[in-house]
Amino acid sequence: MAFGSSSLIWFRKGLRIHDNPALDYASKGTAALYPVFIIDPHYMKPDYNAFSPGSSRAGLNRIRFLLESLVDLDSNLKKLGSRLLVLKGEPGEVLFRCLKQWDVKKLCFEYDTEPYYQALDVRVKNGGKPPLTYQSFLKLAGEPSWASSPLMTSRSSLPLVGDHGDCEIFEVPTLKELGYEDTEQEDYLTPFRGGESEALKRLRDSLSDKVGYGFLEFMDRCVFELTCNFANSISLEVNLRTRVKDVNFARLSKREADVVSEWVAKFEKPKGDPSAFLKPATTVLSPYLKFGCLSSRYFYQCLKDVQKIVKKHTSPPVSLVGQLLWRDFFYTVAFGTPNFDQMKNSTICKQIPWNDNDELFAAWREGRTGYPWIDAIMVQLHKWGWMHHLARHCVACFLTRGDLFVHWEKGRDVFERLLIDSDWAINNGNWLWLSCSSFFYQYNRIYSPISFGKKYDPNGNYIRYFLPILKDMPREYIYEPWTAPLSIQTKAKCIIGKDYPKPVVLHDSASKECKRRMGEAYALNKKFNGLVSEEELSSLRKRLEEEDDKKNQVQEVKTKKQKTIDDWMSTK
DNA sequence: AGGACGTTGTCGCA
DNA sequence: TGCGACAACGTCCT
């Protein structure tokens with residue numbers, strides 16, 4: 001059946017044509033090339049027991065993103081005289097059958113086998129100890145060998161697809177074909193489209209200081225919705241007008257826009273605005289990197305090109321190159337650390353007696369903590385599968401060491417499922433970071449669920465967009481609606497406790513209690529040099545909870561006394 | 001052993 | 001807008 005030699009490229013991630021070493025290798029010196037993607041029905045089929053629409057492992061937005069990426073990959077392959085062969089079944093089994101039937105001599109898939117990576121592996125193993133700080137990682141890693149070497153970023157053709165015999169080949173399925181109903185609900189449709197073409201467009205736009213891809217189109221919808229939603233808000237109107245003007249300026253301007261980018265050169269991650277959603281403050285290239293629609297090496301070289309042209313630019317860790325290096329930092333530590341994704345039996349994770357309060361956790365997950373800033377971020381996660389990095393910080397801190405003291409692994413699972421860019425090493429690494437379990441230890445620094453968002457977005461436009469129930473709440477109460485007088489709540493058509501929840505905890509007292517618990521937990525870890533037994537941990541948990549109960553009782557008595565006094569006063 | 005440093009806290013003050 | 005106080009962690013390097 002097969003003639004001469006044939007090779008098979010197995011796409012898993014790396015869903016692109018440009019700078020794809022596995023594809024290059026597979027297509028060299030071969031008569032026929034089988035580009036294969038295997039759909040595992042177990043991974044893709046709807047799970048109706050999950051807490052949100054999607055399969056057992058992934059939220060609907062990420063499945064959608066993957067399918068879009070596959071459609072784009074197929075179309076890019078077709079332009080080169082090839083096509084994507086979609087197969088279905090248990091991947092190992094399916095692949096084995098095809099290799100045998102098609103007499104494939106060469107199987108290729110993305111695996112970092114290059115000398116640079118092998119050398120890097122050896123270096124970063126660092127005697128079995130991966131670097132635990134960004135700076136020590138930089139020292140160890142140095143400049144990559146391919147930093148300025150040419151990458152294969154375009155090609156004119158691919159070998160023909162071999163005869164596929166009686167193996168059943170499918171088109172990329174639609175969501176509906178996978179069993180997802182009502183998927184066209186605008187409400188839960190991420191504005192970010194999957195695929196290599198989108199990725200490259202987005203990259204070009206970022207590099208040339210343009211607004212994000214699709215912004216204008218998306219904008220039209222938003223302007224419409226926003227003006228409908230709060231036609232009475234003058235400041236927003238002005239805000240939008242300014243933005244639209246900016247956009248036109250950027251579009252019309254002919255200034256060296258294709259190459260030189262001030263935005264790229266001046267990028268400083270911590271200075272971004274987490275409440276910006278019409279035009280996100282970051283590149284939103286993460287989902288494309290995650291699925292390999294964009295080559296991180298190509299991205300890196302593009303950024304370096306910009307740096308050569310501009311006079312001044314920011315540096316790691318805050319620069320855009322720095323962001324790519326963060327990715328590798330977390331890959332490195334995750335690779336070199338056993339049980340990286342859990343607290344138990346981890347050599348780097350602090351043992352902390354997180355509580356097991358499912359009600360608080362569910363309130364956080366479903367965006368009903370009563371803190372609009374936190375809830376709006378969680379709604380954006382459900383609807384878009386993407387939030388700004390600092391927004392992620394706020395909700396992660398709130399769930400764990402800041403307010404609710406719930407285990408970071410629970411929050412990690414929610415992000416893992418719902419983010420379109422969720423990446424095992426990066427997601428776990430950041431949860432370890434934010435919960436002060438590893439990498440970062442200054443547990444006194446807690447994001448305020450009220451003032452943090454306010455300083456970027458005092459009018460609460462972000463909240464109004466993602467939590468429309470609060471859209472008419474006056475700006476002085478939008479971050480703390482429970483403080484609004486009942487008359488104002490009535491006028492805003494949003495009664496706190498009925499239309500929108502009361503806060504699940506009081507931030508002032510909850511964060512204080514969290515700090516105390518963190519202090520005790522740290523002391524315990526120090527005492528046992530990180531090797532805290534389960535008995536020790538649960539006895540600390542018990543003690544902390546008892547002390548907290550006692551405090552609450554005292555507080556209750558105080559409140560009661562005060563209430564008695566108040567009642568007495570009011571009768572006077 | 002001791003000091004420098006750490007991608008991104010908050011508040012009050014000038 | 002920028003500073004110090006707050007209270008103070010661990011890692012890395014000398």
Side-chain angles (χ1 to χ4, degrees), chain A residues 124 126-127 129-141 266-276 280-283 286 313-330 332-333 336-337 346-352 371 373-374 377 387-398 400-403 426 429-458 479-480 507-532:
Chain A
V124 298
N126 195 25
K129 275 167 87 179
L132 291 175
T133 66
Y134 189 83
Q135 296 305 331
S136 56
F137 166 76
L138 289 188
K139 253 189 194 167
L140 229 41
K266 286 185 178 161
F267 186 88
E268 273 182 84
K269 188 71 165 287
K271 291 203 175 149
D273 176 354
S275 70
T282 50
T283 61
S286 54
H313 62 81
T314 51
S315 299
V318 298
S319 64
L320 278 172
V321 169
Q323 303 316 301
L324 273 173
L325 294 172
W326 276 109
R327 188 167 166 271
D328 269 56
F329 167 69
F330 283 122
T332 306
V333 200
T337 307
S346 165
T347 49
I348 63 162
C349 182
K350 285 247 177 308
Q351 303 300 302
I352 295 166
Y371 288 91
W373 171 245
I374 299 297
I377 295 168
M387 317 91 93
H388 185 272
H389 188 67
L390 286 177
R392 302 182 192 200
H393 275 218
C394 287
V395 294
C397 177
F398 186 87
T400 58
R401 67 183 169 84
D403 290 84
I426 302 173
N430 276 303
W431 277 96
L432 284 161
W433 188 296
L434 262 299
S435 63
C436 281
S437 296
S438 198
F439 307 116
F440 177 77
Y441 307 96
Q442 282 164 288
Y443 56 79
N444 292 319
R445 295 186 188 172
I446 292 175
Y447 291 94
S448 162
I450 296 152
S451 37
F452 189 80
K454 206 186 270 182
K455 76 182 170 205
Y456 297 96
D457 179 16
Y479 284 87
E480 303 163 271
H507 174 65
D508 279 351
S509 51
S511 58
K512 236 180 222 158
E513 173 63 17
C514 281
K515 283 184 210 170
R516 190 179 75 89
R517 291 182 178 206
M518 290 300 285
E520 298 263 7
Y522 269 45
L524 191 67
N525 278 269
K526 207 171 204 171
K527 184 175 163 193
F528 293 101
N529 201 17
L531 297 166
V532 180

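The sequence lines fix the lettering, A, B, ..., with proteins before strands; numbering per chain opens at 1. In this text the structure is predicted, and so the values were computed from the model without any measurement.
Under the side-chain contact (heavy atoms from CB on, under 4.5 Å) test applied with M518(A), the options Q442(A), R401(A), E513(A) reduce to a single match, R401(A).
Two residues are said to be in side-chain contact when any heavy atoms from C-beta on lie closer than 4.5 Å; K454(A) and E480(A) meet this criterion. Using a 4.5 Å heavy-atom threshold, the side chains of P316(A) and Y134(A) count as touching.
Running 5' to 3' along DNA chain C, contacts with non-hydrogen atoms of chain A at under 4.0 Å begin and end at dA8(C) to dC13(C).
Counting all heavy atoms, side chain and backbone alike, T314(A) lies closest to S319(A) at OG1-CB, 3.4 Å. For the pair F330(A) and I426(A), the tightest heavy-atom approach, listed with the atom from each and the gap, is CB-CA, 4.1 Å. What you find for H507(A) and Y371(A) is that their closest heavy atoms are N-OH, 2.9 Å. Residues T332(A) and F137(A) approach most closely at OG1-CE1, 3.3 Å, considering heavy atoms.
Stem analysis of DNA chain C (Watson-Crick or G-U pairs, both distances under 3.5 Å, runs of at least three) returns B:1-6 with C:9-14, B:9-14 with C:1-6.
Side-chain N/O atoms of H388(A) and D273(A) include no donor and acceptor closer than 3.5 Å. A donor-acceptor contact under 3.5 angstrom links the side chains of H393(A) and Y447(A), judged on distance only.
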Would you list the protein and nucleotides 8-11 of chain B atom pairs, both N or O, that sit under 3.5 Å from each other?
from    : atom 1 : to      : atom 2 : distance (Å)
dT8(B)  : O2     : P270(A) : N      : 2.6
dT8(B)  : O4     : H389(A) : NE2    : 2.8
dG9(B)  : O3'    : I446(A) : O      : 3.2
dT10(B) : OP1    : S448(A) : N      : 2.3
dT10(B) : OP2    : K455(A) : NZ     : 3.4
dC11(B) : OP2    : S451(A) : OG     : 2.9

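Between W433(A) and W326(A), the two ring planes are perpendicular [angle over 60°; tilted spans 30° to 60°].
As rounded to the nearest Å, dA8(C) and dA4(B) have C1' atoms that lie 15 Å from one another. Between dG10(C) and dT10(B), the two C1' atoms lie 22 Å apart (nearest whole Å).
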